[in-house]
Amino acid sequence: TYNDIVFAGLGNTASRDAMMIRGELPQLVKIDDYTVKFTTPAPFAPFLRQLTYPIVPKHYFKPYSDKGDSVFNAFLNPNTPPKDIVSNGAFMLKEYVAAQRVVFIKNPNYYKINLKNERLPYLDKIVYLIVGDTNNEILKFEAKEIDILSLKGSNVARYKIKEPQSDYKIYNLGADTGTLFLVINLNNRKNSQGNWNVSPIKQKWFKDKNFRTAIDWAIDRKGMVQNIAQGLAEPLFTAESLNSIYLNKNIKGHPQNKIMAAEILKNAGYNLKNNILYDAEGNRVEFDLFTNAGALERESIGVMIKQDLEDLGMKVNFKPVEFNSLVNKLSNTNDWDMAIMGLTGSPLEPHDGKNVWLSTGPLHLFNQRPQNFKPVDIYTWEKELDDIFEEGALKLQFEERKKLYDRYQEIIYEEKPIIYLYSNTRITAIRKKFKNIFPSPLSGLVYNVEEIYTDEGNSK
């Protein structure tokens, strides 16, 4: 799995890149049938937390991994018959119906047993419904078509009031481990057809730190928390989530101040005429703002940001698009200006974000470079981020690592290629019939799915 797939960079290079140490990968040898030995090129603090890649069946994968990336990427696809997919997990794929559902059934050969020598899992099947948008998800929960619901905003109070007489229980899992943000496209390269990814006029705006800073000051995070999250969130100013052990608590942020934002733009050479903002060359400041359609929270954020920036005289074309189209824009075509996005994260290990912050990382959203591209146009602060994430992984003491990761958060806050918005409180409802539910701020609600059962006997 590691030598032929992960270290070869097949499928997705993120796992390989996260284990790269000064340009080298660990050496891996088999000791016996139950033991393998990794040797890293240097002491590597995040090493154990990187060993999360699922082991794959050699007899099934090797014929394809031997043929390279394109063959490997294609051999499992939505048209693969579920019976042909090998699984060693608690559940096996039974059915996939595009845009409707994914069905998993109990794996009769799963290795875990309970104290009565009974084989897990307890549940017979799990069904994931593809619901399309938040409102549809709520309707399906109320119709008892789904059993778990992530609650946000005004829905929390409504469901909390009903909870005592309901068939569900609500759990507060604390601050979200992910982040929600506005990302700005700093890309100044041409695509393979020789066309600019971002027009040279917009490049000047987006590369201007004053322009990005003005946007930061104009955003009403407090209003978002109150009006969108209904108070069940906190403003966020850092690249680390609020529950991260590496959170830089010295970054306090600031309230919205549109007067400050306008002054920054004026001092940077932008001119406001008849409530329309122009740059120093007389170009009207107009750009597109994207997010994924159907995510009502992000759509609401987009409406608020559009209004805040138009108060400065900017023209913002807010465009919710289908999620896969948005991902394609950000990761492939680079045909976008700004976007409202979110990323999951680990509150225990900043190195998990290396693929975001490394200048050549596959998720370096604000300045995405082609694979194997040598960044000759790298910003000074991007180079410092590269150095931090290389050095931080080699420091074994928490205090030494904390200083470096504090600095990376300062860089992002100062340079603002990504502007963080707020951090939700994770509140989830689940039917009371499910037992062995042990909420965890780190892992969520159903991380131990093989142990969960119902008071009605085996069920879905």
Side-chain angles (χ1 to χ4, degrees), residues 179-186 198 201-229 231 233-240 242 247-291 298 300-318 337-341 366 379-381 406-423:
T179 53
L180 192 61
F181 53 80
L182 171 72
V183 58
I184 301 171
N185 194 350
L186 305 187
V198 179
I201 292 173
K202 292 179 181 178
Q203 283 179 27
K204 290 183 180 179
W205 308 336
F206 300 161
K207 290 171 66 177
D208 181 1
K209 180 178 173 179
N210 294 301
F211 185 83
R212 303 193 300 269
T213 301
I215 289 175
D216 180 41
W217 277 97
I219 290 174
D220 185 8
R221 293 175 177 84
K222 184 177 179 181
M224 291 178 184
V225 167
Q226 293 301 320
N227 298 321
I228 299 175
E234 289 187 47
L236 182 66
F237 294 90
T238 65
E240 288 293 302
L242 293 181
L247 177 68
N248 186 339
K249 296 182 179 180
N250 293 321
I251 297 176
K252 304 296 185 183
H254 54 79
Q256 180 193 41
N257 189 328
K258 290 183 181 176
I259 295 175
M260 172 75 78
E263 191 68 21
I264 291 171
L265 290 169
K266 181 179 178 181
N267 293 337
Y270 296 86
N271 302 300
L272 188 65
K273 299 177 183 178
N274 298 321
N275 294 319
I276 297 175
L277 188 68
Y278 299 89
D279 64 17
E281 283 75 41
N283 300 299
R284 182 175 186 179
V285 177
E286 176 181 356
F287 51 84
D288 297 333
L289 172 62
F290 292 94
T291 196
R298 296 182 188 182
S300 299
I301 290 170
V303 171
M304 288 192 67
I305 290 179
K306 172 182 169 69
Q307 184 59 59
D308 287 337
L309 299 186
E310 289 191 341
D311 287 347
L312 298 178
M314 301 179 186
K315 184 177 180 182
V316 181
N317 305 310
F318 181 44
D337 297 331
M338 298 186 193
I340 299 162
M341 291 287 290
F366 54 88
Y379 293 99
T380 302
W381 51 269
D406 278 354
R407 175 58 188 151
Y408 113 76
Q409 292 170 73
E410 289 173 3
I411 292 170
I412 302 304
Y413 180 67
E414 292 165 2
E415 299 296 336
K416 306 186 192 306
I418 291 179
I419 297 173
Y420 289 88
L421 302 174
Y422 63 87
S423 176

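No hydrogens, no waters, no symmetry mates; every other heavy atom, side chains included, goes into these values.
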Can the ring centroids of Tyr420 and Phe237 be said to lie less than 6.0 angstrom from one another? no

Using 4.0 Å as the upper bound for N to carboxylate O, is an ion pair formed by Lys266 and Glu263? no

Approximate separation, where rounding is to 0.5 Å, of Glu240 CD and Ile251 CD1: 10.0 Å

Kindly determine whether Lys204 and Asp279 satisfy side chain to side chain contact (heavy atoms under 4.5 Å, CB included), including the steps that lead there. CA-CA 9 Å; Lys204 290 183 180 179; Asp279 64 17; over 6 Å; no

Residues which pass side-chain contact (heavy atoms from CB on, under 4.5 Å) with Ala233, listed by chain and number, not counting sequence neighbours: Val225, Ala229, Tyr422, Asn424

Below 6.0 angstrom between ring centroids: does that apply to Phe211 and Tyr270? yes

Which heavy atom in Asn248 sits nearest to a heavy atom in Thr238, and how many Å separate them? O-CG2, 4.0 Å

To check you understand the geometry: which heavy-atom pair defines the closest contact between Ala239 and Thr179, and what is its length? O-CG2, 3.8 Å

Separation of Ile301 CD1 from Met341 CE (nearest 0.5 Å): 12.5 Å

For the atom pair NZ (Lys258) and CG (Asp308), what is the distance rounded to the nearest 0.5 Å? 4.0 Å

With rounding to the nearest 0.5 angstrom, report the CD to OH distance, Glu415 to Tyr379. 9.5 Å

Could you verify whether a donor N or O on one side chain and an acceptor N or O on the other, from Asp288 and Asn317, lie under 3.5 Å apart? yes

Any donor-acceptor N/O pair, Arg221 side chain to Gln256 backbone, under 3.5 Å: no

Could I get the full list of side-chain hydrogen bond (donor to acceptor under 3.5 Å, both in side chains) partners for Asn227, not counting sequence neighbours? none

